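One structure below.
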Amino acid sequence: KFDADKWVSIAKNAGMKYMVITSKHHDGFCLWDSKVTDYDIMEASPFRRDILKELSEACEKEDIKLCFYHSITDWHHPDAQAPLYPNYNAGQRDQTISNPRFPSYFENYLKPQVEELLSSYGDIGVMWFDGEWIADYTTEMGKEMYQFIRDIQPNIIINNRVDKGRNGMEGMNVEGNFSGDFGTPEKEIPDTGLKGADWESCLTMNNTWGFKSIDHNWKSDTTLIHSLVEIVSKGGNLLLNVGPTAEGVIPAPSVERLEAMGVWLKVNGEAIYGAQASPFEKPEWGRYTRKEGFIYAHVFEWPADGILLIDSGIDLKDASLLANPSLKLKVAANPSAIVLSKTAPDAIATVIKIKTN
(Lines give C-alpha, C1' and ligand atoms only; values in the text may rest on other atoms or scores of the structure.)
Protein backbone atom coordinates (compact mmCIF):
# COMPACT_ATOMS: atom_id res chain seq x y z
CA LYS A 1 0.00 0.00 0.00
CA PHE A 2 3.03 2.30 -0.17
CA ASP A 3 2.12 5.60 -1.85
CA ALA A 4 4.99 8.09 -2.09
CA ASP A 5 2.70 10.99 -3.00
CA LYS A 6 0.58 10.34 0.07
CA TRP A 7 3.60 10.13 2.36
CA VAL A 8 4.98 13.42 1.06
CA SER A 9 1.55 15.05 1.26
CA ILE A 10 1.28 14.04 4.92
CA ALA A 11 4.75 15.49 5.59
CA LYS A 12 4.01 18.74 3.75
CA ASN A 13 0.66 19.22 5.49
CA ALA A 14 2.47 18.72 8.81
CA GLY A 15 4.72 21.67 7.99
CA MET A 16 7.82 19.56 7.39
CA LYS A 17 10.51 20.92 5.08
CA TYR A 18 12.58 17.74 4.66
CA MET A 19 12.06 13.99 4.87
CA VAL A 20 14.64 11.43 6.03
CA ILE A 21 13.93 7.91 4.76
CA THR A 22 15.80 4.82 5.94
CA SER A 23 17.68 3.64 2.86
CA LYS A 24 19.28 0.75 4.79
CA HIS A 25 19.03 -0.09 8.49
CA HIS A 26 21.31 -2.34 10.55
CA ASP A 27 19.67 -5.48 9.10
CA GLY A 28 21.26 -4.59 5.75
CA PHE A 29 18.12 -4.67 3.57
CA CYS A 30 18.14 -1.89 0.94
CA LEU A 31 15.04 0.04 -0.12
CA TRP A 32 16.44 0.85 -3.56
CA ASP A 33 17.75 -1.02 -6.59
CA SER A 34 21.37 -1.40 -5.49
CA LYS A 35 23.89 -2.61 -8.05
CA VAL A 36 26.26 -4.05 -5.43
CA THR A 37 23.83 -6.47 -3.75
CA ASP A 38 20.72 -8.51 -4.43
CA TYR A 39 19.58 -8.00 -0.83
CA ASP A 40 17.31 -5.16 -1.84
CA ILE A 41 13.73 -4.21 -2.63
CA MET A 42 14.05 -5.25 -6.29
CA GLU A 43 15.63 -8.70 -5.88
CA ALA A 44 14.84 -9.98 -2.38
CA SER A 45 11.24 -8.81 -2.19
CA PRO A 46 8.08 -9.40 -4.25
CA PHE A 47 7.37 -5.65 -4.04
CA ARG A 48 9.95 -4.88 -6.78
CA ARG A 49 9.58 -1.09 -6.78
CA ASP A 50 12.31 1.42 -6.00
CA ILE A 51 10.85 3.21 -2.97
CA LEU A 52 13.58 5.87 -2.97
CA LYS A 53 12.96 6.70 -6.63
CA GLU A 54 9.24 7.15 -6.03
CA LEU A 55 9.89 9.28 -2.96
CA SER A 56 12.46 11.44 -4.76
CA GLU A 57 9.92 12.23 -7.49
CA ALA A 58 7.17 12.98 -4.97
CA CYS A 59 9.47 15.20 -2.89
CA GLU A 60 10.55 17.17 -5.94
CA LYS A 61 6.92 17.89 -6.86
CA GLU A 62 6.17 19.24 -3.38
CA ASP A 63 9.49 21.03 -2.77
CA ILE A 64 10.39 18.76 0.15
CA LYS A 65 14.10 17.99 0.63
CA LEU A 66 14.76 14.25 0.39
CA CYS A 67 17.34 12.95 2.87
CA PHE A 68 18.71 9.49 3.66
CA TYR A 69 19.31 7.64 6.93
CA HIS A 70 21.97 4.99 6.25
CA SER A 71 23.42 2.41 8.61
CA ILE A 72 27.17 1.90 8.78
CA THR A 73 26.55 -1.32 10.70
CA ASP A 74 25.33 -4.20 8.52
CA TRP A 75 24.15 -7.49 10.04
CA HIS A 76 23.75 -9.18 6.68
CA HIS A 77 27.04 -8.55 4.90
CA PRO A 78 29.71 -11.22 5.60
CA ASP A 79 32.49 -8.62 5.82
CA ALA A 80 30.63 -6.49 8.36
CA GLN A 81 28.78 -7.94 11.35
CA ALA A 82 27.27 -11.21 10.14
CA PRO A 83 29.78 -13.35 12.12
CA LEU A 84 28.19 -12.05 15.32
CA TYR A 85 24.91 -13.87 14.65
CA PRO A 86 22.71 -14.25 16.61
CA ASN A 87 24.06 -11.63 19.01
CA TYR A 88 23.65 -8.80 16.48
CA ASN A 89 24.28 -5.85 18.78
CA ALA A 90 27.32 -7.30 20.54
CA GLY A 91 29.58 -4.90 18.67
CA GLN A 92 27.78 -1.96 20.27
CA ARG A 93 28.24 -3.25 23.82
CA ASP A 94 31.61 -4.98 23.48
CA GLN A 95 34.29 -3.06 21.59
CA THR A 96 36.61 -6.10 21.57
CA ILE A 97 34.37 -7.82 19.01
CA SER A 98 35.78 -7.31 15.55
CA ASN A 99 35.56 -8.44 11.94
CA PRO A 100 38.95 -8.21 10.22
CA ARG A 101 37.23 -8.01 6.82
CA PHE A 102 35.44 -4.78 7.68
CA PRO A 103 37.83 -2.54 5.62
CA SER A 104 36.77 -4.53 2.55
CA TYR A 105 33.11 -3.94 3.39
CA PHE A 106 33.81 -0.23 3.85
CA GLU A 107 35.66 0.18 0.56
CA ASN A 108 33.75 -2.23 -1.68
CA TYR A 109 30.20 -2.08 -0.29
CA LEU A 110 29.45 0.85 2.03
CA LYS A 111 31.06 3.56 -0.09
CA PRO A 112 29.67 2.29 -3.41
CA GLN A 113 26.17 2.19 -1.92
CA VAL A 114 26.49 5.74 -0.58
CA GLU A 115 27.64 6.79 -4.06
CA GLU A 116 24.54 5.16 -5.55
CA LEU A 117 22.31 7.08 -3.16
CA LEU A 118 23.97 10.39 -3.98
CA SER A 119 24.09 9.83 -7.74
CA SER A 120 20.63 8.46 -8.52
CA TYR A 121 18.04 10.60 -6.73
CA GLY A 122 18.90 14.23 -7.36
CA ASP A 123 20.06 16.72 -4.76
CA ILE A 124 19.94 15.15 -1.31
CA GLY A 125 19.50 17.40 1.72
CA VAL A 126 21.08 15.27 4.47
CA MET A 127 23.06 12.06 4.84
CA TRP A 128 22.05 10.83 8.30
CA PHE A 129 24.36 8.01 9.40
CA ASP A 130 23.92 5.60 12.30
CA GLY A 131 25.68 2.48 13.55
CA GLU A 132 29.09 4.12 13.80
CA TRP A 133 29.66 2.60 17.25
CA ILE A 134 31.25 -0.68 16.10
CA ALA A 135 34.98 -0.93 16.79
CA ASP A 136 35.87 -1.74 13.17
CA TYR A 137 34.62 1.64 11.94
CA THR A 138 37.38 4.15 12.62
CA THR A 139 37.58 7.93 12.77
CA GLU A 140 39.83 7.77 9.71
CA MET A 141 37.03 6.00 7.84
CA GLY A 142 34.58 8.62 9.08
CA LYS A 143 36.67 11.48 7.76
CA GLU A 144 37.20 9.67 4.47
CA MET A 145 33.45 9.07 4.13
CA TYR A 146 32.69 12.72 4.91
CA GLN A 147 35.00 13.96 2.16
CA PHE A 148 33.80 11.24 -0.24
CA ILE A 149 30.24 12.53 0.17
CA ARG A 150 31.27 16.20 -0.15
CA ASP A 151 33.05 15.42 -3.43
CA ILE A 152 29.81 13.99 -4.87
CA GLN A 153 27.35 16.55 -3.46
CA PRO A 154 29.15 19.64 -2.09
CA ASN A 155 26.00 21.25 -0.63
CA ILE A 156 24.77 18.25 1.35
CA ILE A 157 24.56 18.27 5.17
CA ILE A 158 26.09 15.29 7.02
CA ASN A 159 25.37 14.35 10.63
CA ASN A 160 28.09 13.74 13.20
CA ARG A 161 27.51 9.97 13.24
CA VAL A 162 29.59 9.80 10.09
CA ASP A 163 32.57 9.91 12.48
CA LYS A 164 33.32 8.60 15.99
CA GLY A 165 32.86 11.70 18.14
CA ARG A 166 29.25 11.32 19.32
CA ASN A 167 28.71 11.26 23.07
CA GLY A 168 25.97 8.62 23.36
CA MET A 169 22.30 9.60 23.31
CA GLU A 170 23.27 13.17 24.16
CA GLY A 171 24.26 13.28 20.52
CA MET A 172 26.87 16.05 20.58
CA ASN A 173 30.57 15.50 19.99
CA VAL A 174 33.15 15.01 22.70
CA GLU A 175 36.32 17.10 22.56
CA GLY A 176 38.44 16.36 19.52
CA ASN A 177 38.70 16.67 15.77
CA PHE A 178 35.68 14.91 14.26
CA SER A 179 33.77 15.27 11.00
CA GLY A 180 30.07 16.04 10.79
CA ASP A 181 27.94 19.14 10.41
CA PHE A 182 25.44 18.74 13.26
CA GLY A 183 24.80 16.89 16.49
CA THR A 184 22.07 14.29 16.96
CA PRO A 185 20.45 14.20 20.43
CA GLU A 186 18.30 11.05 20.47
CA LYS A 187 14.99 10.88 22.35
CA GLU A 188 16.04 13.92 24.35
CA ILE A 189 16.27 17.70 24.11
CA PRO A 190 19.38 19.49 25.43
CA ASP A 191 18.83 21.38 28.68
CA THR A 192 20.01 24.62 27.12
CA GLY A 193 21.00 26.01 23.75
CA LEU A 194 24.38 24.92 22.40
CA LYS A 195 26.30 28.01 21.37
CA GLY A 196 28.13 27.69 18.07
CA ALA A 197 26.79 24.18 17.42
CA ASP A 198 24.10 22.97 15.02
CA TRP A 199 21.91 20.14 16.25
CA GLU A 200 18.71 18.25 15.58
CA SER A 201 16.78 16.27 18.19
CA CYS A 202 15.31 13.03 16.82
CA LEU A 203 12.16 12.08 18.74
CA THR A 204 9.58 9.31 18.48
CA MET A 205 5.81 9.85 18.39
CA ASN A 206 5.24 6.94 20.76
CA ASN A 207 8.00 4.81 22.34
CA THR A 208 9.16 3.08 19.17
CA TRP A 209 11.29 3.96 16.13
CA GLY A 210 9.80 1.29 13.89
CA PHE A 211 6.17 0.18 13.78
CA LYS A 212 5.04 -1.82 16.81
CA SER A 213 1.40 -2.87 16.87
CA ILE A 214 1.23 -3.00 20.69
CA ASP A 215 2.79 0.44 21.29
CA HIS A 216 -0.19 2.75 21.83
CA ASN A 217 1.64 5.19 24.08
CA TRP A 218 1.22 8.09 21.68
CA LYS A 219 2.39 11.55 22.68
CA SER A 220 -0.30 14.21 22.61
CA ASP A 221 -0.54 17.05 20.07
CA THR A 222 0.35 19.40 22.92
CA THR A 223 3.51 17.48 23.86
CA LEU A 224 4.74 17.33 20.27
CA ILE A 225 4.09 21.02 19.55
CA HIS A 226 5.68 22.05 22.85
CA SER A 227 8.72 19.90 21.99
CA LEU A 228 9.02 21.62 18.61
CA VAL A 229 8.86 25.06 20.23
CA GLU A 230 11.34 24.11 22.96
CA ILE A 231 13.84 22.79 20.41
CA VAL A 232 13.62 25.91 18.23
CA SER A 233 13.87 28.14 21.32
CA LYS A 234 17.25 26.49 21.97
CA GLY A 235 18.47 26.77 18.37
CA GLY A 236 17.81 23.24 17.13
CA ASN A 237 15.74 21.35 14.55
CA LEU A 238 13.21 18.61 15.20
CA LEU A 239 13.39 15.29 13.34
CA LEU A 240 10.09 13.62 14.25
CA ASN A 241 9.97 9.89 13.59
CA VAL A 242 7.18 8.00 11.84
CA GLY A 243 7.15 4.18 11.82
CA PRO A 244 5.14 2.92 8.81
CA THR A 245 3.43 -0.47 8.89
CA ALA A 246 4.75 -3.46 6.94
CA GLU A 247 2.23 -2.53 4.22
CA GLY A 248 3.78 0.92 3.84
CA VAL A 249 1.00 2.81 5.60
CA ILE A 250 1.66 5.65 8.03
CA PRO A 251 -0.43 4.76 11.13
CA ALA A 252 -3.57 6.84 11.70
CA PRO A 253 -2.44 8.12 15.15
CA SER A 254 0.73 9.49 13.51
CA VAL A 255 -1.27 11.14 10.73
CA GLU A 256 -3.66 12.75 13.23
CA ARG A 257 -0.82 14.26 15.26
CA LEU A 258 1.04 15.45 12.19
CA GLU A 259 -2.14 17.14 10.94
CA ALA A 260 -2.52 18.94 14.28
CA MET A 261 1.08 20.16 14.10
CA GLY A 262 0.48 21.38 10.54
CA VAL A 263 -2.64 23.30 11.57
CA TRP A 264 -0.68 25.02 14.37
CA LEU A 265 2.25 25.81 12.06
CA LYS A 266 0.03 27.36 9.39
CA VAL A 267 -0.86 30.01 11.97
CA ASN A 268 2.39 30.22 13.90
CA GLY A 269 5.11 29.09 11.48
CA GLU A 270 6.62 32.58 11.37
CA ALA A 271 7.83 32.03 14.93
CA ILE A 272 9.40 28.66 14.03
CA TYR A 273 10.86 28.65 10.51
CA GLY A 274 14.16 30.51 10.39
CA ALA A 275 13.81 31.50 14.06
CA GLN A 276 16.83 31.54 16.35
CA ALA A 277 17.48 30.54 19.92
CA SER A 278 16.15 32.78 22.64
CA PRO A 279 18.75 34.91 24.43
CA PHE A 280 16.53 35.02 27.53
CA GLU A 281 15.87 32.66 30.42
CA LYS A 282 12.91 30.31 30.03
CA PRO A 283 9.78 32.09 31.26
CA GLU A 284 7.38 30.31 33.61
CA TRP A 285 4.58 30.40 31.03
CA GLY A 286 6.35 28.94 27.97
CA ARG A 287 9.23 29.73 25.58
CA TYR A 288 10.74 32.52 23.48
CA THR A 289 12.03 32.35 19.91
CA ARG A 290 13.46 35.32 18.01
CA LYS A 291 14.16 36.91 14.65
CA GLU A 292 15.86 40.20 13.83
CA GLY A 293 13.78 42.93 15.42
CA PHE A 294 11.22 40.55 16.96
CA ILE A 295 10.72 38.23 19.92
CA TYR A 296 8.01 35.57 19.79
CA ALA A 297 6.41 34.60 23.09
CA HIS A 298 4.98 31.08 22.92
CA VAL A 299 2.48 30.96 25.78
CA PHE A 300 1.83 27.42 27.03
CA GLU A 301 0.38 28.44 30.42
CA TRP A 302 -2.08 31.31 29.99
CA PRO A 303 -1.95 33.79 32.93
CA ALA A 304 -5.13 33.64 34.98
CA ASP A 305 -5.22 37.44 35.36
CA GLY A 306 -4.53 38.07 31.67
CA ILE A 307 -1.22 39.84 32.40
CA LEU A 308 1.80 38.26 30.72
CA LEU A 309 5.07 39.25 32.37
CA ILE A 310 7.91 39.67 29.87
CA ASP A 311 11.66 39.42 30.50
CA SER A 312 12.96 42.83 31.55
CA GLY A 313 15.71 42.56 28.93
CA ILE A 314 13.18 42.77 26.10
CA ASP A 315 12.76 46.29 24.69
CA LEU A 316 8.99 46.09 24.41
CA LYS A 317 7.69 48.40 21.64
CA ASP A 318 4.40 46.80 20.70
CA ALA A 319 2.82 43.35 20.57
CA SER A 320 0.18 41.48 18.63
CA LEU A 321 -1.23 37.99 18.34
CA LEU A 322 0.43 36.08 15.52
CA ALA A 323 -3.00 34.62 14.74
CA ASN A 324 -4.50 38.12 14.50
CA PRO A 325 -1.81 40.69 13.56
CA SER A 326 -4.26 43.58 13.26
CA LEU A 327 -5.20 43.27 16.93
CA LYS A 328 -2.62 45.31 18.85
CA LEU A 329 -2.16 44.32 22.48
CA LYS A 330 -1.74 46.78 25.31
CA VAL A 331 1.81 46.85 26.71
CA ALA A 332 3.16 48.09 30.01
CA ALA A 333 6.66 49.31 30.78
CA ASN A 334 7.25 48.67 34.47
CA PRO A 335 7.25 45.76 34.91
CA SER A 336 7.36 44.73 31.26
CA ALA A 337 4.03 43.11 30.58
CA ILE A 338 1.42 42.50 27.91
CA VAL A 339 -2.28 42.75 28.68
CA LEU A 340 -4.19 39.79 27.29
CA SER A 341 -7.71 38.41 27.34
CA LYS A 342 -8.67 36.13 30.22
CA THR A 343 -8.80 33.03 28.01
CA ALA A 344 -6.17 31.63 25.65
CA PRO A 345 -6.93 31.87 21.92
CA ASP A 346 -4.96 28.63 21.41
CA ALA A 347 -5.10 26.07 24.20
CA ILE A 348 -1.84 24.43 23.08
CA ALA A 349 0.39 27.46 22.43
CA THR A 350 -0.62 31.04 21.66
CA VAL A 351 2.15 33.07 20.00
CA ILE A 352 2.59 36.78 20.65
CA LYS A 353 4.81 38.76 18.29
CA ILE A 354 6.79 41.43 20.11
CA LYS A 355 8.45 44.23 18.18
CA THR A 356 11.73 45.24 19.80
CA ASN A 357 13.04 48.07 17.61
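Keep in mind the model is a prediction, meaning the values are calculated, not measured.
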(message) Checking the side chain of Tyr288 only, and the main-chain atoms of Asp311 only, is there a donor and an acceptor separated by less than 3.5 Å?
(response) yes
(request) Would you mind telling me which of Asn167, Asp163, Asn160 makes a side-chain hydrogen bond (donor to acceptor under 3.5 Å, both in side chains) with Asn173? (result) Asn160
(request) Write out all pairs satisfying side-chain hydrogen bond (donor to acceptor under 3.5 Å, both in side chains) with one or both partners inside residues 325-352, taking only residues at least two apart or from two chains. (result) Asn324-Ser326
(request) Give a yes or no answer on whether the side chain of Tyr121 reaches the backbone of Cys67 with a donor-acceptor pair at less than 3.5 Å. (result) no
(request) Would you indicate whether Lys187, at its atom NZ, is surrounded by more than 12 heavy atoms from other residues, nucleotides or ligands within a distance under 6.0 Å? (result) yes
(request) Can you sort out the partners of Lys291 under salt bridge (Lys or Arg N to Asp or Glu O under 4.0 Å), two or more places apart, ordered by chain and number? (result) none
(request) Identify whether the distance between the nearest side-chain nitrogen and carboxylate oxygen of Lys317 and Asp315 falls below 4.0 Å. (result) yes
(request) Can you tell me which residue pairs pass the side-chain hydrogen bond (donor to acceptor under 3.5 Å, both in side chains) test with a partner in residues 243-255, sequence neighbours excluded? (result) none
(message) Can you tell whether the side chains of Lys53 and Asp33 come within less than 4.0 Å, N to carboxylate O?
(response) no
For a quick test of your reading: what N or O donor-acceptor pairs under 3.5 Å do the side chains of residues 7-14 make, sequence neighbours left out?
residue, atom, partner, partner atom, Å
Trp7, NE1, Gly248, O, 3.0
Lys12, NZ, Glu62, O, 2.8
Asn13, ND2, Ser9, O, 3.3

(request) Output yes when a side-chain donor or acceptor of Asp3 lies under 3.5 Å from a complementary backbone atom of Lys6, and no otherwise. (result) yes
(message) The criterion is salt bridge (Lys or Arg N to Asp or Glu O under 4.0 Å); which residues satisfy it with Arg48, sequence neighbours excluded?
(response) none
(request) Scan for side-chain hydrogen bond (donor to acceptor under 3.5 Å, both in side chains) pairs involving residues 258-272, sequence neighbours excluded, and state none if there are none. (result) Glu270-Tyr296, Glu270-Lys353
(request) Tell me, please, which residues at least two apart from Glu57 pass salt bridge (Lys or Arg N to Asp or Glu O under 4.0 Å). (result) none
(request) Could you note down all residue pairs passing salt bridge (Lys or Arg N to Asp or Glu O under 4.0 Å) where residues 13-26 supplies at least one of them, sequence neighbours left out? (result) Lys24-Asp74
(request) Would you list the pairs meeting side-chain hydrogen bond (donor to acceptor under 3.5 Å, both in side chains) in which at least one residue belongs to residues 275-287, sequence neighbours left out? (result) Glu230-Arg287, Gln276-Arg290
(request) Answer yes or no: are there more than 12 heavy-atom neighbours, outside Asp191 itself, under 6.0 Å from its atom CG? (result) no
(message) Just to verify, what does Asp181 make a salt bridge (Lys or Arg N to Asp or Glu O under 4.0 Å) with, not counting sequence neighbours?
(response) Arg150
(request) State plainly whether the residues Glu115 and Lys111 are in salt-bridge range, i.e. N to O under 4.0 Å. (result) no
Please tabulate, one pair per line, all N/O donor-acceptor pairs under 3.5 Å involving side-chain atoms of residues 123-130, not counting sequence neighbours.
residue, atom, partner, partner atom, Å
Trp128, NE1, Glu200, OE1, 2.8
Asp130, OD1, Arg161, NH1, 3.0
Asp130, OD2, Tyr69, OH, 2.7

(request) Applying ring pair (Phe, Tyr, Trp, His ring centres under 6.0 Å) between His76 and each of Tyr39, Phe29, Tyr109, report the one that passes. (result) Tyr39
(request) Each residue besides Val174 in its hydrophobic cluster should be listed here, by chain and number; the cluster joins Ile, Leu, Val, Met, Phe, Trp and Tyr at side-chain heavy-atom distances under 4.5 Å. (result) Phe178
(request) Could you tell me whether the side chain of Thr208 and the main chain of Gly210 form a donor-acceptor pair under 3.5 Å? (result) no
(message) Could you check whether atom CD of Glu144 has more than 12 heavy atoms from other residues, nucleotides or ligands sitting under 6.0 Å from it?
(response) yes
(message) Side chains of Thr184 and Asn159 only: does a donor on one sit below 3.5 Å from an acceptor on the other?
(response) no
(request) Say whether, by atom type as modelled, one donor and one acceptor occur between the side chain of His216 and the main chain of Asn206 under 3.5 angstrom. (result) no
